[in-house]
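Along the sequence shown, residues are numbered consecutively beginning with 1.
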Amino acid sequence: MAERLHTPVGEPYGTGGRGPSPYGTGSGGQSPYGTDIDGPFPYGADPGGPSPYRTAVEGLRTYRMVAAMWIRSTMAYRTSFALTLFTSFCVTFFDFVVILLMFGQVRGLGGFSFAEVAFLYGSTGTAFGAADLTMGSLQRMGRRIRDGSLDVFLLRPVPLLAQVAADKFALRRLGRVLQGLMVLVWSLVLLRDEVAWSWEKVLMVPGMVVCGAVIFMAVMVLGASALFWLQDASEVTNAFTYGGNTLLQYPPAVFAQDLVKGVVYVVPLAFVNWLPALYVLGRPAPAGVPSWAAFAPPFVALVCCAVAGLAWRRGVRAYRSTGS
């Protein structure tokens with residue numbers, strides 16, 4: 001009996017040389033927590049790390065699930081949703097009313113006709129509306145960092161950015177997208193005889209909207225990343241998103257050249273609609289900007305996404321909670 005008690009085979013805690021261990025301390029056991037040399041690690045902390053493709057797919061899946069949950073809760077009160085959607089549409093439409101009143105007194109603005117200004121307004125409004133719909137919840141990052149509620153998201157084994165961006169998904173922001181799209185379609189109808197359309201210009205219109213939305217999303221992620229260090233600077237980051245949207249609604253000719261160069265070479269908001277829109281309208285690029293820049297928005301969008309991703313990862317690593 002004494003010999004049987006000292007037999008190490010099958011010992012449940014892996015102290016035996018041949019016994020499988022649920023905690024991975026046995027030399028032959030497979031560990032669910034990844035401390036075993038040969039065992040797979042299910043949580044992605046292995047030396048190679050999860051692949052970027054797998055992380056992106058998991059992030060999209062997480063975003064879809066969280067956003068769908070908030071959409072279902074919103075649609076439970078359909079009348080309330082319809083009223084808030086209509087209110088959002090009307091509030092954003094007042095920005096375009098200002099342009100309508102302005103052109104009631106003048107024939108042109110910076111050498112641009114009403115249809116051309118409406119094209120600028122509609123393109124940037126649609127792009128920014130799509131970005132605000134998908135990433136608008138990032139505005140709460142500063143408050144989450146201050147009160148420590150961001151820790152709840154960090155406890156979940158899914159990408160943090162997807163959770164924060166989809167949390168409290170506001171479907172009412174769809175009103176901004178619809179309003180911008182309506183103005184964009186109207187402007188294209190007005191420009192059907194004023195612009196020498198080609199296949200390049202036709203394809204550039206949806207391309208500039210998609211690329212513009214991606215650039216705005218990247219700027220929003222960059223702004224949210226800065227809040228890891230500057231918790232109370234949300235208004236500063238809004239100056240580059242909401243302020244940039246207002247800036248791009250008007251022709252570049254009405255602004256100083258230094259400001260135009262700043263939104264081309266520093267914060268590349270000019271690639272949202274100014275540069276491709278000038279090509280579509282048959283107008284020259286701003287002074288000092290090459291003409292081929294009108295075709296650069298897809299590459300600029302990729303660069304902005306890469307920079308935003310690096311900034312976000314560094315911000316998450318620098319996060320130290322509230323200290324409580």
Leu178/Phe93 under side-chain contact (heavy atoms from CB on, under 4.5 Å): CA gap, chis, key distance, verdict: CA-CA 10 Å; Leu178 297 176; Phe93 187 74; over 6 Å; no

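- Cluster membership check: Leu302 does not share its hydrophobic cluster with Leu275, using side-chain heavy-atom separations under 4.5 Å among Ile, Leu, Val, Met, Phe, Trp and Tyr.
- Residues Pro159 and Glu58 form a side-chain contact, since some pair of their non-hydrogen atoms from C-beta on lies under 4.5 Å apart.
- No path of Ile, Leu, Val, Met, Phe, Trp and Tyr side chains, each step under 4.5 Å between heavy atoms, connects Leu248 with Val210, placing them in separate hydrophobic clusters.
- Contact detail for Ser137 and Arg173: the closest heavy-atom pair is N-NH1, 3.5 Å.
- Ring geometry for Phe114 against Phe96 counts as tilted: the plane angle lies between 30° and 60°, on a 0 to 90° scale.
- A continuous path of hydrophobic side-chain contacts links Leu100 to Met102 [ILVMFWY only; heavy atoms under 4.5 Å].
- By the 6.0 Å contact criterion, CE on Met65 is open, its count of non-hydrogen atoms from other residues, nucleotides or ligands being 12 or less.
- Residues Phe228 and Met141 are in side-chain contact: their nearest non-hydrogen atoms beyond the backbone lie under 4.5 Å apart.
- Using modelled atom types, one side-chain atom of Arg192 and one backbone atom of Val189 make a donor-acceptor pair closer than 3.5 Å.
- You'll find the side chain of Leu188 reaches within 4.5 Å of the side chain of Trp197, heavy atoms only.
- Separating the CG atom in Leu190 from the CZ atom in Phe119 is a distance of 12.0 Å, to the nearest 0.5 Å.
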Verdict with supporting geometry, Leu133 and Phe169, side-chain contact (heavy atoms from CB on, under 4.5 Å): CA-CA 8 Å; Leu133 176 66; Phe169 185 87; 3.8 Å; yes

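- In this structure, the separation between CZ on Phe103 and OG on Ser113 is 7.0 Å, given to the nearest 0.5 Å.
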Check against side-chain contact (heavy atoms from CB on, under 4.5 Å), Leu171 and Met75: CA-CA 9 Å; Leu171 191 61; Met75 298 307 294; 4.1 Å; yes

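- Checked by atom type and distance alone, the side chain of Thr241 never pairs as donor or acceptor with a backbone atom of Met220 at under 3.5 Å.
- Residue Ala308 comes nearest to Ala218 through the heavy atom pair CB-O, 3.6 Å, listed as atom of the first residue, atom of the second, then distance.
- Counting non-hydrogen atoms of neighbouring residues, nucleotides and ligands closer than 6.0 angstrom, the CZ atom of Phe89 exceeds 12 such neighbours.
- You'll find the side chain of Phe128 stays beyond 4.5 Å of the side chain of Gln249, heavy atoms only.
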Step-by-step side chain to side chain donor-acceptor pair (under 3.5 Å) determination, Tyr319 to Asp151: CA-CA 10 Å; Tyr319 177 64; Asp151 296 355; 2.7 Å; yes

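- The closest side-chain heavy-atom distance from Asp132 to Gln139 is below 4.5 Å.
- Closest approach of Arg176 to Gly129, counting heavy atoms only: CD-CA, 3.5 Å.
- For the pair Arg320 (side chain) and Arg317 (backbone), a donor-acceptor distance under 3.5 Å is present.
- Side-chain contact between Cys305 and Val214 is present, with heavy atoms from C-beta onward closer than 4.5 Å.
- Minimum heavy-atom separation, Trp274 to Leu247: CZ2-O, 3.6 Å.
- Of the residues listed (Val307, Val221, Leu222), the one engaging Trp312 in a side-chain contact (heavy atoms from CB on, under 4.5 Å) is Val221, and it is the only one.
- Within a 6.0 Å sphere centred on CZ of Arg156, other residues, nucleotides and ligands contribute more than 12 heavy atoms.
- Heavy atoms from other residues, nucleotides or ligands lying under 6.0 Å from CZ of Phe295 number more than 12.
- To the nearest 0.5 Å, atom CG of residue Leu203 and atom CD of residue Glu200 are 8.5 Å apart.
- The backbone N or O of Leu181 lies less than 3.5 Å from a partner atom in the side chain of Thr126, making a donor-acceptor pair.
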Worked verdict on Leu160 versus Leu150 for side-chain contact (heavy atoms from CB on, under 4.5 Å): CA-CA 9 Å; Leu160 176 64; Leu150 186 65; 3.9 Å; yes

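- When the side chains of ILVMFWY residues are joined at heavy-atom separations under 4.5 Å, either directly or via intervening members, Val202 and Val195 end up in a single hydrophobic cluster.
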Identify each donor-acceptor pair in which a side-chain atom of residues 250-270 lies under 3.5 Å from a protein atom, sequence neighbours left out, and give them as a table.
{"residue": "Tyr265", "atom": "OH", "partner": "Gly288", "partner atom": "O", "Å": "2.9"}

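- Between Glu116 atom CD and Leu281 atom CG the span is 5.0 Å, to the nearest 0.5 Å.
- At a threshold of 4.5 Å between non-hydrogen side-chain atoms, the residues Leu138 and Leu161 count as touching.
- In terms of heavy-atom proximity, Pro276 sits nearest to Met208 at CG-CB, 3.9 Å.
- Between the OH atom in Tyr77 and the OG atom in Ser73 there is a gap of 9.0 Å [rounded to 0.5 Å].
- A donor-acceptor pair under 3.5 Å is absent between the side-chain atoms of Thr124 and the main chain of Leu120, judged by distance alone.
- A 4.5 Å side-chain heavy-atom check between Val177 and Leu174 finds at least one atom pair inside the cut-off.
- Linking ILVMFWY residues whenever their side-chain heavy atoms come closer than 4.5 Å, directly or via other members, places Phe271 and Tyr242 in the same cluster.
- Under 4.0 Å is where a charged nitrogen must lie from a carboxylate oxygen, and between Asp167 and Arg140 no such pair does.
- Nearest approach of Pro290 to Ala285, heavy atoms of both residues: O-CB, 4.2 Å.
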